Amino acid sequence: MSKNLIQPRTLKGFRDFLPEMMLPREQLIDTCKQVYRSFGFAPIETPTLEYFEILAGKGSEETDRQMYHFQDSGERHVGMRFDLTVPLARFVSQHSQALGMPFKRYHIATVWRGESPQAGRFREFMQCDFDTIGTTSLTADIETGLVIVELLIAIGVGGFQVRINNRKVLNGLLDKSGLAEHATSVLRVIDKLPKIGPARVSEELKSTCTANDQQIASILEFANITGTNQEILITLDRLVAGNELGELGCSELRTLVETYDSLGLPSEQIQIDPSIARGLDYYTGTIFESFLTAIPKIGSVCSGGRYDNLADLFTKEKLPGIGASLGLDRLLAAMEQLGQLPKTKTPAAVMIANFDANSQTVYLELARKLRQKRINVELYPEPKKLGIQFKHADRRGMEAVIVAGPDDVAKRVVQVKWLASGEQSEVSLDASASLLASELSSKLQIRLG
RNA sequence: GUGGCCAUAGCUCAAUUGGUUAGAGCGCUGGUUUGUGGCACCAGAGGUUGAGGGUUCAAUUCCCUUUGGCCACCCCA
């Protein structure tokens, strides 16, 4: 009769998260919130499902193909969101009167894309978006870059580099060289430059974008520019000279870089990279991508840009925006590969051993006092042998175990044992909560509720 | 969606050219006589070899299909 068990399994590209993954994952989410809030971004939430027409045709042809969609029982054609930016465009169009402009929001939520999974690439993953809507001011662009830098520093992933570019520069150049009508496909090809090299890029430009040799040469020169930010800007100025849009893009890029410089950001952290283009169709100005120096192969962990026309499809109001998105699950996968995740399996910092069946109330009271001091406490549920209980606490990575047997309870004391050092001391029951609180505050912050 | 590589216990891997009851380490559960984890020793649970079909006297091993993982294309967080 046990033959007909259903095999427990998860869908391709979808995953379960065990406590040791969820603890750092939730910590990342907290860090995002903290950084976003520090810049004044406010939280919002939108539905998982949208009318298909809201989502369709907004990202790119590719995102349309990858979108999960179906008809609900009321025959409505429904899509699952593949990013948080398109729902945001709908959201601000629908609520602009209530929100007022400019509007800054963050949105941390799951999105779905039916693409082929790989390392750091899933069908269900979490994005942490922040956006500023209703202003074309470059200050918003500058702050977007600052948020990314602050975020990656706060997360503590080690070395990283934010690369910036500007679609106006790209489009201006294409305009100037007569390739404007193939802009999208040219941009896609440029994006591949670091991966496939200049030879194959020029092949593809010729075949898919019908570019001539001169056009290819200028595109390659553009995408291949290297040097300091200042050197790159000088070359860019020369390449776009005479094209109004391109010149504007260059001056925007210059403003960003010079501002970051005067704010004292190290130039390794924010670098102009003319080859980044972003596949998404909706970007119109500044674009960002960011890579971890330890594991660039996993792809961009935080990217975004300016999109001045995204809400045009939903409203006649002018609602330009800029923002970026941290790929939380990709970042987590990177940190796992780099061995940066702690192996803690519990949020509890302290365990109260369950020694004596008659002292349950004492334990429960003590646990409550510790929680009032913002210490996460687990009370072992049954009075098993102490060895077992200690092992339980140790295996899960707790900091301390509190033991109070009948003799201790009679004397109004507890034994506090620190698992890492093995030190043990007797403290009075009444003082133990505050004592532990001060001891623990110098240890792992992560487990202080 | 296309192509390539892979699939044995929770994890990392064994199993002589296809040969009989598929093994080890780590992990897990419990024990080493009852107030203390990490070390050591002992025991136990856990696999219809991812699943389904085929070839064969015989399949973990060969073939097909399927599912999943990784890689490339594509695209992206």
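This structure is a prediction, so every number in the text was calculated from the model and none was measured. Order of the sequence lines fixes the chain letters, A, B, ..., with proteins taken first and strands second; residue numbering starts at 1 for each chain.
In terms of polar N and O atoms assigned as donor or acceptor, the side chain of A:Glu289 never comes within less than 3.5 Å of the base of B:rA77 in a complementary pairing. For a distance-only test at 3.5 Å, the side chain of A:Arg113 fails to qualify as a donor-acceptor partner of the base of B:rC75.
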Interface polar pairs with nucleotides 31-34 of chain B, N/O, under 3.5 angstrom:
from, atom 1, to, atom 2, distance (Å)
B:rU32, OP2, A:Lys385, NZ, 2.7

Atom pairs, protein N/O to nucleotides 64-69 of chain B N/O, distance under 3.5 Å:
from, atom 1, to, atom 2, distance (Å)
B:rG68, OP1, A:Lys12, N, 3.4
B:rG69, OP1, A:Gly13, N, 2.9

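For A:Tyr106, the ring pair (Phe, Tyr, Trp, His ring centres under 6.0 Å) partners two or more places apart in sequence, or in a different chain, are A:Tyr36.
For A:Arg395 and B:rC28, the shortest distance from a side-chain N or O to OP1 or OP2 is below 4.0 Å. A sub-4.0 Å separation between OP1 or OP2 of B:rG30 and a side-chain N or O of A:Lys384 is present. Between A:Gln66 and B:rC75 there is no side-chain N or O to OP1 or OP2 distance below 4.0 Å.
Between the CZ atom of A:Phe355 and the P atom of B:rG37 there is a distance of 13 Å, given to the nearest Å. Here the P atom of nucleotide B:rG35 and the CD atom of A:Gln415 are 14 Å apart, to the nearest Å.
Across all strands, A:Asp329 comes closer than 4.0 Å to no nucleic acid atom at all (heavy-atom distances). The residue A:Asp407 sits close to a base: some heavy atom pair falls under 4.0 Å. The residue A:Gln389 sits apart from the nucleic acid: no heavy atom pair falls under 4.0 Å.
Look at the C1' atom in both B:rU61 and B:rC70: the space between them is 23 Å, to the nearest Å.
Taking the side chain as every heavy atom from C-beta outward, A:Ile322 and A:Asp141 approach each other to under 4.5 Å.
Taking the ring axis of A:Tyr283 as reference, the NZ or CZ atom of A:Arg306 does not stay both within 45° of it and closer than 6.0 Å to the ring centre.
Nearest-nucleotide mapping onto RNA chain B: of A:Gly114 and A:Phe390, the residue sitting toward the 5' end is A:Gly114. Projected onto RNA chain B by closest heavy-atom contact, A:Gly120 and A:Arg65 fall at different nucleotides, the more 5' of which corresponds to A:Arg65.
Screening A:Asp83, A:Asp129, A:Thr85 against A:Ser325 for a side chain to side chain donor-acceptor pair (under 3.5 Å) leaves a single residue, A:Asp129.
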